[in-house]
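First the structure, in the form of C-alpha cells, and then the observations on it.
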Number of protein chains: 2
Amino acid sequence: MANKKPITGVYLVTDRPLCLHHSLAEVVRLSALGGVSFVQLREKETDSRQFLELAKHLKNILTPFSIPLLINDRLDICLAAGADGVHLGQSDLPWREARRILGNDALIGLSLETKEDYHSLIQTHPNPELDYLAVSPVFDTSTKTNTKPAWGLTGVTWLKTQTNLPIVAIGGVNESNAEAIVEAGADSLAVVSAICSAKDPKLATENLTKKFQY
Amino acid sequence: MANKKPITGVYLVTDRPLCLHHSLAEVVRLSALGGVSFVQLREKETDSRQFLELAKHLKNILTPFSIPLLINDRLDICLAAGADGVHLGQSDLPWREARRILGNDALIGLSLETKEDYHSLIQTHPNPELDYLAVSPVFDTSTKTNTKPAWGLTGVTWLKTQTNLPIVAIGGVNESNAEAIVEAGADSLAVVSAICSAKDPKLATENLTKKFQY
C-alpha cells in the first residue's frame with residue numbers, strides 16, 4: 001500500500017439532498033478548489049446506473065486535482081467508475097472481501113460505531129489491511145440515522161491510543177468543533193453538511209483545512 | 001464463453017416476501033430438487049452484508065447440484081460470494097462494465113423492457129457478449145412495479161426472430177401459461193411467485209420443468 005496519499009485534511013462525504021445552493025458536482029468542484037483531501041460519494045437510494053454516472057462525473061472533476069474519490073459501500077461502482085477506493089460501514093461488505101476484490105492499491109476505510117467494533121476487528125486481524133478507521137459518529141448528527149451513541153472527543157483520543165491507523169472523524173463535524181477533534185487525535189475530518197450545505201463550499205473547505213495548520 | 005450451461009428450463013428469481021410457506025433457502029433447495037436450471041438472488045432492500053450472506057448461503061445450497069447462481073444487479077455481491085453471474089436491468093450497471101469486471105466465464109443476462117431497448121443494444125453491439133436476453137415482463141405481474149407494457153407472446157416471438165441469443169421470459173409466468181411462452185420462443189422461463197409462494201416448491205418446479213419436454 002505504498003504511494004498512497006496520507007490520510008489527512010478535509011474529507012467530503014456527499015449528500016445530494018443536503019446540497020442546498022449548488023449541484024453535487026459543483027459542490028465537489030468548489031471543495032476541490034478549497035483544498036479538500038478526499039471525496040466520498042454516498043448514495044443510498046439511487047439505482048446503479050445513475051450511481052455509476054455520478055461516480056464517473058465526480059472522478060472526472062477530481063482527477064486533475066489528484067484528489068482520490070471513494071465510493072460508499074459499493075465495490076462494483078468503484079470498479080466500474082475507476083474510483084480510488086471504498087468506504088465501508090459495519091453492514092456493508094466485509095473489508096477483507098473488499099481488499100481481495102479491489103487489490104492493494106485501493107483506499108479502503110472502515111467505520112467503527114463502537115469500541116466493540118474496534119475490538120472485534122483487532123481480535124481477528126491485529127494489523128488490518130485498511131487505510132483508515134472512521135470514528136462514526138464523533139458527535140450526534142441529523143445526516144445519518146440509526147447510529148449508536150456518539151464517540152465524543154474522548155472516543156477519538158481513545159482510538160488514537162489503540163491504533164497506528166489514521167483516524168477519520170465523521171458526524172457533526174463543523175468549523176466550530178473541528179480544531180478540538182483534530183487536537184483529540186483525528187487525522188482527517190469528514191464533513192457532510194458543513195460543505196454540502198454551505199453557500200460557499202470553497203470557503204467552507206478552506207476554513208476547515210486551516211484547522212490542520214496550527 | 002465456452003463450457004457454459006445452456007440457457008434452458010426453469011429459472012427461479014427469488015423474492016423473500018413472497019416465500020410464504022418456506023424460508024428462501026428452503027425454497028431454493030426444494031426447487032433444486034425439482035430440477036430448476038438457474039437461480040437468481042434478487043434483493044432490493046437488504047444491506048450489503050446481509051445480501052452477501054444470503055448469496056453465500058444459496059451458493060452453498062446450489063453447488064452440489066451444479067446449478068448456477070446469478071445475482072440481480074450487484075456485481076460486488078457476485079464477486080464476493082463467488083456467484084456465477086449477474087442479471088442486469090436497464091437501470092443497473094451497463095452490461096459491458098459487468099463483462100469487463102466479471103470476465104468471460106460469468107453468466108450475464110440483460111432485461112429488455114421494450115423493443116427500443118433491443119434496438120439500442122444491437123445498434124451499438126451487433127453481437128453483444130451476453131448470455132441471454134430477458135423479455136421483461138412477458139405478462140403483467142404484481143411482483144415487479146413500474147415496468148413498461150408487457151411484451152406478450154407476440155413480443156417473445158418477435159425477439160426470437162431478431163436474435164440468436166437465448167431468451168428468458170419473466171413476469172407473470174406460471175404453470176398455466178408456461179407452455180404457450182415456450183412455444184412462442186422462450187428458451188427459459190423465469191418465475192417468482194409460482195415457485196416462491198408454492199406450498200410445494202419442488203412439485204411446482206417439476207411441473208414447470210415438464211413444459212420443456214414436449
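Counting all heavy atoms, side chain and backbone alike, B:Leu52 lies closest to A:Pro94 at CD2-CD, 3.5 Å.
Using a 4.5 Å cut-off between heavy atoms, B:Arg100 touches chain A through its side chain atoms alone. Both the backbone and the side chain of B:Leu93 have a heavy atom closer than 4.5 Å to some heavy atom of chain A.
Partner of A:Leu75 under the side chain to side chain contact (heavy atoms under 4.5 Å, CB included) criterion, out of B:Leu75, B:Asp76, B:Leu79: B:Asp76 alone.
Ranked by non-hydrogen atom pairs under 4.5 Å with chain B, the options A:Asp47, A:Leu88, A:Ile77 are led by A:Asp47. Between chain B and the residues A:Gln50, A:Gln90, A:Glu53, the most heavy-atom pairs under 4.5 angstrom are made by A:Gln90.
Looking at B:Arg49 and A:Asp92, their side chains never come closer than 4.5 Å, going by heavy atoms from C-beta outward.
Proximity to chain B among residues 55-69 of chain A is limited to A:Lys56, judged by heavy-atom separations below 4.5 angstrom.
A distance of 9.0 Å separates CG in A:Asn72 from OG in B:Ser48, rounded to the nearest 0.5 Å.
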